[in-house]
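Presented below is the structure to which this report refers.
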Amino acid sequence: MTTTPATAPSAHELANAIRALAMDAVEAAKSGHPGMPMGMADIAVALWKRHLKHNPADPHWPDRDRFVLSNGHGSMLQYALLHLTGYDLAIDELRRFRQLDSKTPGHPEVGRTPGVETTTGPLGQGLANAVGMALAEALLAREFNTPEQRIVDHRTYVFLGDGCLMEGISHEAASLAGTLKLGKLMAFYDDNGISIDGHVRGWFTDDTVRRFEAYGWHVIPHVDGHDVEAVDAAIIAAQAVTDRPTLLCCKTTIGEGAPTKAGTAAAHGSPLGAKEIAGARAALHWPWPPFEIPAAIYAAWDARPAGAASEAAWQQTFAAYRAANPERAAEFMRRMAGELPAGFADTVRSFVASQAAKAETVATRKASQEAIEGYARHLPELIGGAADLTGSVFTNWSGSTAITADHRGNYVNFGVREFAMSAIGNGIALHGGFIPYVGTFLTFSDYARNAVRLAALMKLRTLFVYTHDSIGVGEDGPTHQPVEHVSSLRLIPGMDVWRPCDTVESAVAWAQAIERHHGPTCLVFTRQNCAFVPRTPATIEAIARGGYVVADFNGSGKRATIIATGSEVALALAARDVLAKDAIAVRVVSMPCTSVFDRQDAAYRASVLPVDVPRVAVEAGVTAFWHRYVGRDDDPHAAVVGIDSFGESAPAGVLFEHFGFTVDHVAATVRRVVA
């Protein structure tokens with residue numbers, strides 16, 4: 001039978017419950033990071049017990065505070081807090097820390113663990129996600145709140161460590177947060193001076209206080225991270241500052257309570273060991289066995305009554321808001337639910353038809369801008385931005401207005417911050433109420449790659465707009481010619497990559513990305529003009545299937561299928577006309593999105609790509625990816641016209657000819673595979 005304390009547990013005892021669960025779970029898994037949870041436990045008590053507005057019974061109510069663990073390796077801190085405060089996270093899940101199919105993976109994962117707001121682990125990205133969440137809150141508050149009712153009124157709190165601040169993304173995100181004066185963003189810096197390699201003073205001597213002050217943050221230095229009252233006072237002081245985000249610099253000891261490993265790298269990323277844990281229990285005056293928490297401590301931590309009261313108060317406010325503003329209330333709930341406006345499907349059909357009727361020959365980056373123009377006026381939740389390339393990537397439209405510290409707007413000038421831009425976009429998507437899209441040159445997706453990957457891991461509706469998609473960039477040369485990028489993005493599980501060939505495919509691609517609720521999309525566009533491709537209504541309908549027959553076999557005799565994307569579709573169609581003179585009937589398949597095509601049923605895929613017909617793929621990028629569609633590279637009836645080297649600096653037309661993207665070369669390749 002569990003012994004319970006005779007008096008109400010102290011703040012120190014509440015913190016020790018976190019420490020015990022953290023070291024026990026890591027020890028049971030024989031893997032993990034006990035030091036950070038033990039070091040930040042007192043900070044967590046101050047925030048979660050006294051300030052965090054949340055309801056464990058309803059982790060998704062709109063006006064909850066957002067909590068982000070940017071130093072996600074310390075995941076047991078968050079799991080302990082979620083378990084203790086009453087979320088649907090049983091003690092057995094903590095026993096199964098880091099095990100297959102548990103709700104307690106090695107790093108927090110949104111959608112797996114109730115109460116986790118974002119997937120963290122790659123350091124610094126949680127901070128950028130938090131900036132996105134705080135920005136979304138500020139914009140929604142300006143849009144929906146009234147003087148009588150504030151239905152959007154919550155804060156974003158983020159824990160971070162030395163590693164987060166060493167990562168360059170922290171500079172990008174914090175700089176923009178200061179510029180936008182996100183006063184409801186509060187970051188807690190776990191200043192313990194230790195990383196995996198030891199004491200950070202050998203490689204991290206930044207003056208963090210002055211650095212963040214230079215960004216325009218309010219900074220509270222020298223907070224004793226093991227004094228709950230001191231942290232509480234700092235939080236109160238931070239909440240009083242509304243025109244700047246706040247950084248609380250909390251001095252802590254990593255592995256606090258461990259008798260020999262506290263304050264050392266040995267507490268960072270390895271189990272403490274049975275002997276050290278026994279010593280920690282004695283030092284912390286924690287007599288209970290592993291995974292046992294006294295009833296009085298559970299009762300003191302239980303956030304369900306306060307959470308229910310907070311949500312009930314908000315529901316009462318929202319009921320009054322809805323009575324006074326029924327249409328705005330319905331719009332708010334629609335937006336937060338991620339539902340598209342009624343009639344949006346009709347908007348898409350009408351716009352696609354108009355693009356088909358106009359039959360324009362333009363660069364697909366321009367076609368993309370036209371799609372934004374066609375859809376954004378019907379989607380107040382669409383929020384865009386670019387990394388200092390708006391005039392090149394065409395991510396703005398006639399209704400774009402800049403978001404500033406004082407203006408709501410719908411367009412973020414991110415500056416040259418591709419990584420933070422992408423992670424902030426993810427944070428906006430995680431918060432809800434918006435569909436974010438962010439733009440840059442395709443070659444710079446390398447800077448953003450980890451955030452793009454996490455968008456797929458989290459199944460977010462984040463839209464990544466990339467232009468200047470091939471050697472068609474021309475004179476800028478190989479540094480800006482992304483020959484491998486489209487294929488590499490296609491390799492990310494759960495990512496849809498669209499590379500449309502003209503205005504109609506661009507319109508469909510944008511619609512598919514917007515309508516996709518549970519996954520991100522990369523929209524890839526050209527700098528150079530692309531010829532309009534005439535289609536029947538049935539053919540236009542088929543674009544949404546990712547791959548379709550844009551021009552069928554033209555004659556009898558030998559047959560071949562050319563698969564092409566983007567600007568190379570027109571090249572394939574021209575080669576088809578030439579080959580008809582040689583009695584070679586060619587089917588041209590446009591495949592703007594391979595992953596969507598792969599999700600079609602087998603019968604449809606076989607109808608588009610018959611198995612007994614030689615195939616050639618044409619794309620101005622690396623060739624390896626396309627062999628999954630045409631056949632092995634040693635198959636004489638399969639070939640890829642691509643580029644497996646970096647580009648050159650020259651006009652685009654010269655480069656396409658130099659690298660073999662000509663009608664003659666494509667036709668010769670087809671003749672070879674049908675011979």
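Numbers here are sequence positions counted from 1.
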(message) Lys49 vs Asp232, test: salt bridge (Lys or Arg N to Asp or Glu O under 4.0 Å). Steps then yes/no.
(response) CA-CA 10 Å; Lys49 275 291 294 175; Asp232 179 52; over 6 Å; no
(request) For Pro37, check side-chain contact (heavy atoms from CB on, under 4.5 Å) against everything at least two apart and list the hits. (result) Ala22, Met76, Leu77
(message) How close do Arg142 and His407 get, counting heavy atoms only, and between which atoms?
(response) NH1-O, 2.9 Å
(request) Assess whether side-chain hydrogen bond (donor to acceptor under 3.5 Å, both in side chains) is satisfied between Arg417 and Thr440, documenting all intermediate values. (result) CA-CA 10 Å; Arg417 301 182 178 102; Thr440 187; over 6 Å; no
(message) As an exercise, state the distance from CE of Met495 to SG of Cys522, rounded to the nearest 0.5 Å.
(response) 4.0 Å
(message) Just to verify, what does Phe212 make a ring-ring contact (aromatic ring centres under 6.0 Å, His included) with, not counting sequence neighbours?
(response) Tyr215, Trp217
(message) Run the side-chain contact (heavy atoms from CB on, under 4.5 Å) test against Ser75 and tell me which residues pass, sequence neighbours left out.
(response) Tyr79, Phe97, Pro108
(request) Under the ring-ring contact (aromatic ring centres under 6.0 Å, His included) rule, collect the residues that match up with Trp48, sequence neighbours excluded. (result) His54, Phe67
(request) Determine, step by step, whether Ser195 and Asp162 satisfy the side-chain hydrogen bond (donor to acceptor under 3.5 Å, both in side chains) criterion, reporting the C-alpha distance in whole Å, the side-chain angles of both residues, the deciding distance to 0.1 Å, and the verdict. (result) CA-CA 7 Å; Ser195 66; Asp162 290 303; over 6 Å; no
(request) Check whether any side-chain heavy atom of Leu84 sits under 4.5 Å from a side-chain heavy atom of Leu21, and report yes or no. (result) yes
(request) Could you name each residue pair satisfying side-chain hydrogen bond (donor to acceptor under 3.5 Å, both in side chains) that touches residues 293-306, not counting sequence neighbours? (result) His83-Tyr298, Asp302-Arg304
(message) Could you work out, with side-chain contact (heavy atoms from CB on, under 4.5 Å) as the rule, every residue matching Glu276, not counting sequence neighbours?
(response) Ala258, Pro259, Thr260, Lys261, Leu272
(message) Once side-chain hydrogen bond (donor to acceptor under 3.5 Å, both in side chains) is applied, do any residues pair with His268, and if so which ones, sequence neighbours excluded?
(response) none
(message) Is it the case that atom CZ in Arg210 sees more than 12 heavy atoms from other parts of the structure closer than 6.0 Å?
(response) no
(request) Sorted by first residue and then second, give each side-chain hydrogen bond (donor to acceptor under 3.5 Å, both in side chains) pair with at least one member in residues 110-128; sequence neighbours left out. (result) Arg64-Glu117, Glu109-Arg112, Thr118-Asn129, Gln125-Asn450
(message) Quick check on salt bridge (Lys or Arg N to Asp or Glu O under 4.0 Å): which of Lys30, Arg19, Arg281 does Asp24 satisfy it with?
(response) Arg281
(message) Testing Ile169, Val158, Val68 one by one against Leu127 for a side-chain contact (heavy atoms from CB on, under 4.5 Å), which residue passes?
(response) Val158
(request) Begin from the C-alpha positions of Ser31 and Arg98 and carry the test side-chain hydrogen bond (donor to acceptor under 3.5 Å, both in side chains) through to its verdict. (result) CA-CA 8 Å; Ser31 173; Arg98 289 188 164 220; 2.7 Å; yes
(request) Sequence neighbours left out, what passes side-chain contact (heavy atoms from CB on, under 4.5 Å) with Phe144? Give chain and number order. (result) Leu140, Ile151, Tyr321, Glu331, Phe332, Arg335
(request) Mind checking side-chain hydrogen bond (donor to acceptor under 3.5 Å, both in side chains) for His431 and listing every partner two or more places apart, or none if nothing turns up? (result) His154
(request) Would you list the pairs meeting ring-ring contact (aromatic ring centres under 6.0 Å, His included) in which at least one residue belongs to residues 177-203, sequence neighbours left out? (result) Phe159-Phe188
(request) With sequence neighbours excluded, tell me which residues meet side-chain hydrogen bond (donor to acceptor under 3.5 Å, both in side chains) with His12. (result) Asn16
